[in-house]
Amino acid sequence: MIRIDQLTFNPFQENTYIVSAPNGDAVIIDAGNYSAGEDRKITEFIGANGLKPVLTLNTHGHVDHILGVNHLKETYGIPFALHRADNFLVESSPQHGALYGFQVPAVPAVDMDLSAVESVPLGDTHLQVIHTPGHTPGHVCLFEPGSRSLFCGDTVFRESIGRTDLPGGDYSWIMKSILEKIIPLGDDVTLYPGHGPKTTIGHEVLYNPFIVEVLNGDVDYRS
């Protein structure tokens, strides 16, 4: 069974997930650590728990989710994975970050294209890569079947959804991703979002107003 640890970083309160296998191999999802103190916090956590990072990967390329990628690459010599459709967001992160007061001195190089793989290995299991565009063109969710866990980035939150008014965002696409790719995974799946508390698909089907209005036929997301 995998272990899931959450650290929340930077002024946007972004959730960084450290997902580890029993053998200690670990994947870091959406490294948002920004300050020297936050860099120290994540490395001390990894060291204290005897973990061995093997990959840092992102659900999408927004600046608040990539701030810690270079620190992890330099500290552990690990590759960085991202869907290629979000490369433009990473490349423009210094300019985008400046709008929100973030300093991005170096753009992290992308080493693995998540559009080219169906899953990412982790110990004896794997994280399935599910392309879920809408918040960004290259947004992906990562599903671990054994624990029924979905790392859903900024596609869906507890009783809300991700913004679609930023460059590359699209309401029709994010709802298509949620309704056609996430909900079919099953009510028991736990959702680990990029911001805020975890939830379940079953809870969101009942209480997420964006989903409920579509399921009730009040809104046609395809139009």
Pairwise side-chain contact, [X] with [Y], heavy-atom cut-off 4.5 Å (strictly under):
{"X": "Arg222", "Y": "Ser172", "value": "no"}
{"X": "Leu191", "Y": "Leu150", "value": "yes"}
{"X": "Ser149", "Y": "Ile4", "value": "yes"}
{"X": "Ile66", "Y": "Asn58", "value": "yes"}
{"X": "Leu185", "Y": "Ile130", "value": "yes"}

Open item on the list: Taking Phe157's backbone N and O only, do any of them form a donor-acceptor pair with Ser160's side chain (distance below 3.5 Å, no angle check)?
Closed with: no
Open item on the list: Once ring-ring contact (aromatic ring centres under 6.0 Å, His included) is applied, do any residues pair with Tyr221, and if so which ones, sequence neighbours excluded?
Closed with: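 Testing Tyr221 for ring-ring contact (aromatic ring centres under 6.0 Å, His included), a comparison that skips the adjacent residues, returns none.
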TODO: Go through the structure and list residues passing ring-ring contact (aromatic ring centres under 6.0 Å, His included) with His60, not counting sequence neighbours.
DONE: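 His60: ring-ring contact (aromatic ring centres under 6.0 Å, His included) contacts with His62, His65, His135, His139.
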TODO: Assess whether side-chain contact (heavy atoms from CB on, under 4.5 Å) is satisfied between Thr155 and Thr59, documenting all intermediate values.
DONE: CA-CA 9 Å; Thr155 293; Thr59 58; over 6 Å; no
With sequence neighbours excluded, residues passing side chain to side chain donor-acceptor pair (under 3.5 Å) with [X]:
{"X": "Asn49", "result": "Arg3"}
{"X": "Asn10", "result": "none"}
{"X": "Glu91", "result": "none"}
{"X": "Asn208", "result": "Glu204"}

Is [X] atom [atom1] crowded by more than 12 heavy atoms from other residues, nucleotides or ligands, each under 6.0 Å away?
{"X": "Gln95", "atom1": "CD", "value": "yes"}
{"X": "Asp124", "atom1": "CG", "value": "no"}
{"X": "Arg158", "atom1": "CZ", "value": "yes"}

Looking only at side-chain N and O atoms, does [Y] offer a donor or acceptor that is under 3.5 Å from a partner on [X]?
{"X": "Glu14", "Y": "Thr8", "result": "no"}
{"X": "Asp30", "Y": "Thr16", "result": "no"}
{"X": "Thr164", "Y": "Asp170", "result": "no"}

Open item on the list: Filter on ring-ring contact (aromatic ring centres under 6.0 Å, His included), then keep only pairs touching residues 5-47, sequence neighbours left out; what's left?
Closed with: Phe12-Tyr100, Phe12-Phe102, Tyr17-Phe151, Tyr17-Tyr192, Tyr34-Phe102
Open item on the list: Considering only residues two or more places apart or on different chains, which pairs with a residue in residues 66-95 satisfy ring-ring contact (aromatic ring centres under 6.0 Å, His included)?
Closed with: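 Counting only pairs at least two positions apart or across chains, the ring-ring contact (aromatic ring centres under 6.0 Å, His included) contacts touching residues 66-95 are His83-His131.
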Of all residues at least two apart in sequence or in a different chain, which pass the salt bridge (Lys or Arg N to Asp or Glu O under 4.0 Å) check with [X]?
{"X": "Asp218", "value": "none"}
{"X": "Lys176", "value": "Glu180"}
{"X": "Lys73", "value": "Asp111"}
{"X": "Arg163", "value": "Asp165"}

Open item on the list: As a quick check of understanding, evaluate side-chain contact (heavy atoms from CB on, under 4.5 Å) for Asp25 and Leu55, giving each step before the final call.
Closed with: CA-CA 9 Å; Asp25 286 355; Leu55 180 70; over 6 Å; no
